[in-house]
Amino acid sequence: MAARPVHAPPREVVLAVDIGGTKTAAALVDRDDVLLRTETAPTRAAEGPAAVVSTVAGLARRLLAGVPVLLAGVGIGTAGVVNVSTGTIVSATDTFADWPGTPVAQLVREALGDLLAPDAPVVVQNDVDAHAEGEHRHGAAAGAASVLVVAVGTGVGAGLILDGNAVRGVHHVAGEIAHLPTPGAEHLRCPCGRRGHLEAIGSGIGLHAHFRSLGGDPLIADARGVAAAAADGDPIAQRAVSESAAAVGRALAGAATILDPERIVITGGVPKIGDAWWKPMLGAFAADAIDALQSTPILPGVLGDDAPLRGAAASAWRAI
């Protein structure tokens, strides 16, 4: 009598999602937070929540097509302030139309339908919190008891890990430094509507706005252009980069005074400017931080765009 073939059960994976203002990335991830397959697509943030959720569902279907796996859960990192307990957006910038109040966890579960088991968790958190967990588990913050991870890109975001757990606070904004009042930014309006916050000068958009306020070339359209002009010797661009970076350093000194983290990790596109950014940032931190904090390591992130996906995946596995 012929032996019956033995079929191994499908491999369990989670769907990890990173929802950014312009791009959404998604990956199938195993229990070791290894990214098995990754896809990206435009977020369509300006089209409203239905379009954003449709993008997530479309990426999931592309990733799962023809792959013998069991989708055991979903972890999502998204722009905006998130109530993790409900998977709902509390507040967000105007980049995302009608994003505040969106029940992301519920909508993604509905959009995935039969792809997801009825009892599978859908965990939603802020994208920089996911980024922080990724760097803490596998990157520049691995092994640290506490870390402040700061993403300096189009905006400024931060996540705080303490004893292996994200600290979120009663209003879901613990660790955020984007809206710290920052000397040197008084002439610039923050995306929150107030003047003088860190994001108004320290972000990529803020760097460009500061360059324009100093009388910089109006034909230079963004922070990349300012960085290129600085590298070519434009004195206004050099000043803008230096003062934007110094604002970040001063804010980090203030945050370190309150939090006293074991490490600070810096990620995002703006630090990729290089020494012209890092030197004034570190110089400003050293000038403002008290003696006890002078030895706090300030390190570049090492995982890049994989960090929020690996952090989002970890949150899903933890919930399973």
Side-chain angles (χ1 to χ4, degrees), residues 14-21 24-26 43-57 60 73-112 116 118-134 136 147-151 155-180 190-194 197 199 255 259 307-320:
V14 297
L15 176 71
V17 184
D18 176 26
I19 302 175
T24 293
T43 297
R44 299 160 59 199
E47 298 177 38
V52 175
V53 172
S54 175
T55 296
V56 172
V74 180
I76 299 172
T78 176
V81 175
V82 180
N83 182 332
V84 177
S85 64
T86 64
T88 300
I89 305 300
V90 176
S91 63
T93 67
D94 291 342
T95 302
F96 282 77
D98 302 322
W99 201 227
T102 300
V104 177
Q106 174 189 330
L107 295 180
V108 168
R109 181 183 298 281
E110 293 171 355
L112 292 179
L116 188 64
D119 59 348
V122 179
V123 182
V124 184
Q125 63 184 316
N126 171 264
D127 53 354
V128 184
D129 284 346
H131 200 131
E133 180 159 5
H136 182 255
V147 61
L148 178 66
V149 177
V150 179
V156 177
L160 175 63
I161 303 289
L162 181 62
D163 294 330
N165 298 306
V167 179
R168 308 190 195 277
V170 68
H171 299 104
H172 318 290
V173 295
E176 290 291 352
I177 66 171
H179 305 293
L180 285 179
C190 181
C192 75
R194 295 165 178 81
H197 289 181
E199 189 163 294
L259 303 173
L309 291 172
R310 295 176 81 170
S315 71
W317 284 118
R318 193 163 50 246
I320 291 173

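Note that the coordinates shown come from a computational prediction; the quantities given were computed from them, not determined experimentally. We count residues from 1, following the sequence as given.
Minimum heavy-atom separation, Ala316 to Val123: CA-CG2, 4.3 Å. Here the shortest heavy-atom pairing between Ala16 and Leu309 reads CB-O, 3.3 Å. Between Leu148 and Ala158, the shortest heavy-atom contact is CD1-CB, 4.1 Å. Across all their heavy atoms, Gly87 and Val124 have their closest contact at CA-CB, 3.9 Å. Between Thr88 and Pro103, the shortest heavy-atom contact is OG1-CA, 3.8 Å. Residues Ala111 and Ala57 come closest through the heavy atom pair CB-CB, 3.9 Å.
Between Leu116 atom CG and Leu15 atom CG the span is 8.5 Å, to the nearest 0.5 Å. For the atom pair CG (Leu160) and NE2 (His136), the distance works out to 10.5 Å, reported to the nearest 0.5 Å. Note that CG of Leu112 and CG of Leu107 are 11.0 Å apart. Values are rounded to the nearest 0.5 Å. To the nearest 0.5 Å, the span separating CD on Glu199 from CD on Glu176 amounts to 9.0 Å. A distance of 4.5 Å separates OG of Ser315 from CD of Gln125, quoted to the nearest 0.5 Å.
A distance-only check finds a donor-acceptor pair linking the side chain of Asn126 to the backbone of Gly80 [under 3.5 Å].
When side chains are defined from C-beta on, Ile320 counts as touching Pro121, because their heavy atoms get closer than 4.5 Å. At least one side-chain heavy atom of Val122 sits under 4.5 Å from a side-chain heavy atom of Ile76. Inter-residue side-chain proximity for Val82 and Ile89 is flagged as met; some heavy-atom pair is nearer than 4.5 Å. For the pair Thr93 and Trp99, the minimum side-chain heavy-atom distance is 4.5 Å or more. Considering only heavy atoms from C-beta on, Ile177 comes within 4.5 Å of Val156 through its side chain.
The environment of CZ in Arg194 is sparse: at most 12 heavy-atom neighbours from other residues, nucleotides or ligands sit within 6.0 Å.
Among Thr24, Thr78, Asp18, Thr55, the one residue that satisfies the side-chain hydrogen bond (donor to acceptor under 3.5 Å, both in side chains) test with Thr43 is Thr24.
Applying the side chain to side chain donor-acceptor pair (under 3.5 Å) test to Asp129 and every residue at least two apart in sequence or in another chain returns Arg168. A search for side chain to side chain donor-acceptor pair (under 3.5 Å) contacts involving Ser91 returns nothing, not counting sequence neighbours. Take Arg44 and apply the side chain to side chain donor-acceptor pair (under 3.5 Å) test, not counting sequence neighbours, and it matches Glu47.
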